[in-house]
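What follows is a set of notes on a single structure, which appears directly below.
These numbers come from a predicted model, not from an experiment. Atoms within a ligand are numbered from 1 in the order they appear, just like the ligands themselves.
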Amino acid sequence: MESGLSAMKGGSGLDGAIAAVSFMEESGLFNCGRGACLTAEGKVELDAAVMTGRGLAGAGVGDVTCTYHPVSLAKWVMENTEHVLVVGERCRDYARLAGLKVEMLEPSPEASRRFAVLKEQKHFASSVSLVRRLDPAGTVGAVAVGSDEVPAAAVSTGGRWMKLPGRVGDSAILGSGIFADSRLGAACATGTGEEIIRVALSMRACEFMSRGDAQTAASRAIGYISKARGRDTAGIITVDLKGRVGASYNTQAMGRAWFDHERGKVVARV
Ligand code: GLY
């Protein structure tokens, strides 16, 4: 949170969102970057995306196996190419061009331990409930509006435990795991990527901000996915053009923190 706030001093919500996500990727405490969950083959494959409301600019990266900071790679793709999604082995070349440290991604000791438990129990098709019991820290994301008044979002994840190698989830896909529109606000999702993609959850949440504040939009978006795809599917964070934040989820819990302007301090909830 502090790293995100500090990065926003230059006025850009996008810089703040990326810095917050990058910090969490490095921490090893979440299902992203150094703490990512593993595929059915026990490997780390990361997804991430960034998006700004200015011109609907954004990009996602999927199946990244060469850097613990896919959110920075997504930023590079957004700023240096005309594409919105790059996946797979060639990400290594782009990570080098982006000046990122390119390395073999090793499972964290904690992820290796959980992988052994899952394999033992033959839980190859992970459900959100099962994963939450084994690993309550999920996908990470951030939404922000800076003094530039442009809503922005960033997201990063290891995806789902025991996913098929090569699977790409919502966190790489604009409109699903992330969305930002300068007429509406920004949103970022967590949960079961396949369900989030089916209902284009983050874009839907932003559309709801045309008729309500960030909290109303978040609640409506989760109401929508709960009805369409069932409970235990997703959580979402939102920010509207006035900088008001919202959060809603249909899972057991969703950790979140925000800067409370009235109280002048960071507030956290689980
Ligand atoms: N929401 C993260 C994923 O399913 O990939």
Side-chain angles (χ1 to χ4, degrees), residues 17 21 24-25 29-33 35-41 43-51 58-65 68 70-71 73-74 85-88 91 105 111 114 118 123-132 134-143 153-179 187-205 218 221-222 224-226 228-238 247-256:
V21 167
M24 291 187 275
E25 288 176 333
L29 298 173
F30 304 93
N31 177 13
C32 65
C37 68
L38 306 181
T39 69
E41 291 178 343
K43 303 261 172 60
V44 177
E45 293 181 1
L46 306 174
D47 299 340
V50 300
M51 189 163 182
V61 291
D63 192 7
V64 174
T65 58
Y68 290 109
V71 77
L73 185 57
L85 182 60
V86 174
V87 302
C91 286
L105 304 190
R114 287 181 176 141
L118 280 168
H123 278 132
F124 282 87
S126 56
S127 71
V128 169
S129 299
L130 170 66
V131 169
R132 283 205 179 279
L134 285 162
D135 184 9
T139 295
V140 305
V143 292
V155 65
S156 185
T157 189
R160 292 174 67 176
W161 270 101
M162 297 300 196
K163 66 186 180 181
L164 288 177
R167 175 263 193 191
V168 174
D170 62 299
S171 302
I173 299 174
L174 307 187
S176 296
I178 187 173
F179 197 68
C188 180
T190 180
T192 307
E194 285 71 11
E195 303 299 4
I196 293 167
I197 291 169
R198 284 188 175 100
V199 302
L201 190 66
S202 292
M203 185 176 189
R204 201 171 285 279
I222 292 304
Y224 185 93
I225 194 170
S226 300
R229 303 303 305 170
R231 296 194 60 76
D232 230 5
T233 46
I236 198 151
I237 55 173
T238 49
S248 186
Y249 49 95
N250 63 17
T251 49
Q252 281 178 0
M254 182 179 77
R256 56 207 186 276

TODO: Output yes when the distance from some N or O of ligand 1 to some N or O of G169 is under 3.5 Å, and no in every other case.
DONE: no
Task: Atoms of ligand 1 close to G159 [distance to a heavy atom under 4.0 angstrom, numbered from 1] - done: 3 (C), 5 (O)
Open item on the list: Quick one: does any side-chain atom of D47 pair with a main-chain N or O of S156 as donor and acceptor, under 3.5 Å?
Closed with: no
Task: Any K163 heavy atom less than 4.0 Å to ligand 1 - done: no
TODO: Give the atoms of ligand 1, by number and element, whose distance to some non-hydrogen atom of D170 is under 4.0 Å.
DONE: 1 (N), 2 (C), 3 (C), 4 (O), 5 (O)
- [ ] Please check if any side-chain donor atom of T233 sits under 3.5 Å from a side-chain acceptor atom of N250, or the reverse.
- [x] yes
TODO: Could you check atom 5 (O) of ligand 1 against the protein and tell me its nearest heavy-atom contact, residue, atom and distance included?
DONE: R167 NH1, 2.7 Å
Task: Ligand-residue contact atoms, ligand 1 with G193, heavy atoms, under 4.0 Å - done: 3 (C), 4 (O)
Task: Expected output: side-chain K163 to main-chain G158 donor-acceptor under 3.5 Å - done: yes
Open item on the list: Is it true that S171 and T157 share a donor-acceptor pair across their side chains at a distance under 3.5 Å?
Closed with: no
TODO: Could you tell me whether the side chain of E45 and the main chain of G166 form a donor-acceptor pair under 3.5 Å?
DONE: yes
Open item on the list: Out of all atoms in ligand 1, which are within 4.0 Å of some heavy atom of T139? Include the element for each.
Closed with: 1 (N), 2 (C)
TODO: Report yes or no: does E25 contribute a side-chain atom to a donor-acceptor pair with the main-chain N or O of V71 at less than 3.5 Å?
DONE: yes
Open item on the list: Between R256 (side chain only) and I237 (backbone N and O only), is there a donor and an acceptor less than 3.5 Å apart?
Closed with: no
- [ ] For G191, counting its heavy atoms only, list the atoms of ligand 1 lying under 4.0 Å from any of them.
- [x] 1 (N), 2 (C), 3 (C), 4 (O)
Task: Which of the ligand 1 atoms, numbered from 1, are nearer than 4.0 Å to a heavy atom of R160 - done: 4 (O)
